[in-house]
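Position 1 is the first residue of the sequence, and the numbers go up from there. Here the structure is a predicted model, which is why all the values come from computation and not from measurement. Remember, it's 1-based here, ligands and their atoms both numbered in the order they're listed.
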Amino acid sequence: MKDDLNAFLEIFEDAKSYGEGPLSGKTIAIKDNMLFEGHKATAGSKILEGFVAPYDATVVKKLKEAGAIIVGRTNMDEFAMGSSTESSAYGVTKNPHDPERTPGGSSGGSAAAVAAGLVWGSLGSDTGGSIRQPAALCGIVGLKPTYGRVSRHGLIALGSSLDQIGPFAKTVSDAELIYNVIKGQDPMDSTTISEDTYSARKKFGKTIGVPRDFVEKEGISEEVKKNFEEAIAKFESLGYGIMDISLPSLAYALSAYYIILPAEASSNLARFDGVKYGIHKDGENSIDDYFKTRGEGFGEEVRRRIILGTYVLSSGYYDEYYGEAQKAKEAITAELRQAFRSVDLVLTPTTPSPAFKFGEKSSPLEMYLEDIFTVPANIAGCPAISLPSGFSGKLPLGIELTADLGREDNLFKAGKDFLNEN
Ligand code: GLN
């Protein structure tokens, strides 16, 4: 396989099939934050250089059992912090549609590998949009499942209350196939849920809610706006009912996310101390070893979020920041769940604009705005899918459908309708 895009950090020489099952012979790439026994895993970070996974992540185990051939580990933003794969310690990944642009992130390698046809499917992780956003910018399908649907055992944690593993594929049917293999309750992850956790089944009535206030206020580009209107028209022509809905608390989602996420990340990343995993730098004494290892091992964005996270969790500010963000989380969740009493799905664009150039988003805040439409689903735990919805010139665009907890089935139905897969 020739990887001109730097989608892969490593292509496994010994790739093979471990079993027979629904994914027999299918080539799959995994994001570099998932453990595959005997193989390296760096989460795109220098601090994990040389680390070799001592066991399989549950998703990897399931892929093996299903017959998939895991062909390599893909590039990503360091510790999955970012929306462009530019924060990887191992160089950028190029967008297959335009090599001067990013594939999105943080699972940019996994998205680019599928879009370029290097693999049949791949896995990414999505904490605030890291599957859906790169799927949109690369013109493929990306699914973030319901929180707890897929085991996080063996996933290098970013924000534990938000992280979910999910598939990238060219079609909704293929994404569904991968999802059916990797999902399921796991004794190794106590946050996983049983199949019947959300058992009250509202019949799929083909109704889609559009939160116009939210979409229009958030400064989307003209081409995205036009494409979004076309997507609405397409759903109407397919017999879907479109309803305007109001979700005022979504306006707080991004701010809440950028408090909750750094808080959880700062605590998850405390384990990288230069002793247990990866690199070690010698200082004057043990605490100095710790500072040196972390100072040199972590990149800029990771250090920024650790500082932010420890700050919002500090005793004097906890209530003011973390406490307030938790209240926003409750409001967003309640509002979305209320909406799903009257609609089956919520539709927004996936991103405010198509793929951007390397270095174009020069401030962290500009980069964070990429996540405006994707973070609400993580905050509320809802499943959401990005579907390719057309092009602006040669650059792909995507729309995002969000469903109620446990209702991936509705995403698959509407997704197949939209992409004419039926
Ligand atoms: N872009 C978001 C962030 O930087 C989302 C990351 C993710 O989903 N892993 O936090």
Side-chain angles (χ1 to χ4, degrees), residues 30-34 43-45 74-88 92-93 102-111 122-138 142-145 147 150 152 155-168 253-269 298-309 312 325 329 350-353 355-356 360-361 363-386 398 400 402:
I30 56 172
K31 188 175 178 177
D32 190 37
N33 57 359
M34 295 167 201
S45 181
T74 56
N75 199 12
M76 57 182 282
D77 281 300
E78 184 175 8
F79 285 104
M81 298 179 191
S83 303
S84 66
T85 317
E86 289 168 289
S87 83
S88 167
V92 300
T93 294
T102 86
S106 62
S107 320
S110 286
S122 62
L123 295 187
S125 64
D126 190 312
T127 307
S130 282
I131 294 174
R132 291 158 286 156
Q133 185 258 11
L137 302 196
C138 290
L143 168 76
K144 181 203 89 74
Y147 183 75
V150 178
R152 293 178 291 114
L155 170 72
I156 298 171
L158 172 57
S160 305
S161 77
L162 306 157
D163 297 343
Q164 269 297 282
I165 294 171
F168 287 98
L254 196 66
S255 322
Y257 173 83
Y258 275 99
I259 291 185
I260 297 169
L261 182 278
E264 294 184 7
S266 70
S267 141
N268 275 327
L269 294 179
F298 286 140
E300 191 184 353
E301 183 61 22
V302 174
R303 281 180 279 134
R304 176 181 296 117
R305 295 209 198 179
I306 292 173
I307 293 167
L308 200 63
V312 299
K329 173 182 167 127
T350 309
T351 61
S353 51
F356 47 92
E360 187 179 324
K361 309 246 180 233
S363 78
L365 208 60
E366 273 180 75
M367 192 67 87
Y368 299 169
L369 283 169
E370 266 298 290
D371 309 326
I372 189 87
F373 297 121
T374 48
V375 293
N378 301 78
I379 289 178
C382 292
I385 198 166
S386 181
E400 177 185 36
T402 304

TODO: Can you spot which of Ser110, Ser106, Ser88 makes a side-chain hydrogen bond (donor to acceptor under 3.5 Å, both in side chains) with Asn75?
DONE: Ser88

Task: Residues in ring-ring contact (aromatic ring centres under 6.0 Å, His included) contact with Phe79, at least two apart in sequence or another chain - done: Phe272, Phe298

TODO: Hey, could you give me each pair passing salt bridge (Lys or Arg N to Asp or Glu O under 4.0 Å) that has a residue in residues 125-135? Not counting sequence neighbours.
DONE: Asp126-Arg132, Arg132-Glu400

TODO: List, ordered by chain and residue number, the protein residues whose closest non-hydrogen atom lies under 4.0 Å from any atom of ligand 1.
DONE: Ala80, Met81, Gly82, Ser83, Ser106, Asp126, Thr127, Gly128, Gly129, Ser130, Leu158, Tyr257, Tyr258, Arg305, Asp371

Open item on the list: Quick one about Ser386 and Thr350 (side-chain donor to acceptor, distance below 3.5 Å, no hydrogens or angles considered), yes or no?
Closed with: yes

Task: Residue pair Ser45 / Glu78, side-chain donor-acceptor N/O under 3.5 Å - done: yes

TODO: With sequence neighbours excluded, tell me which residues meet side chain to side chain donor-acceptor pair (under 3.5 Å) with Arg304.
DONE: Glu300, Glu301

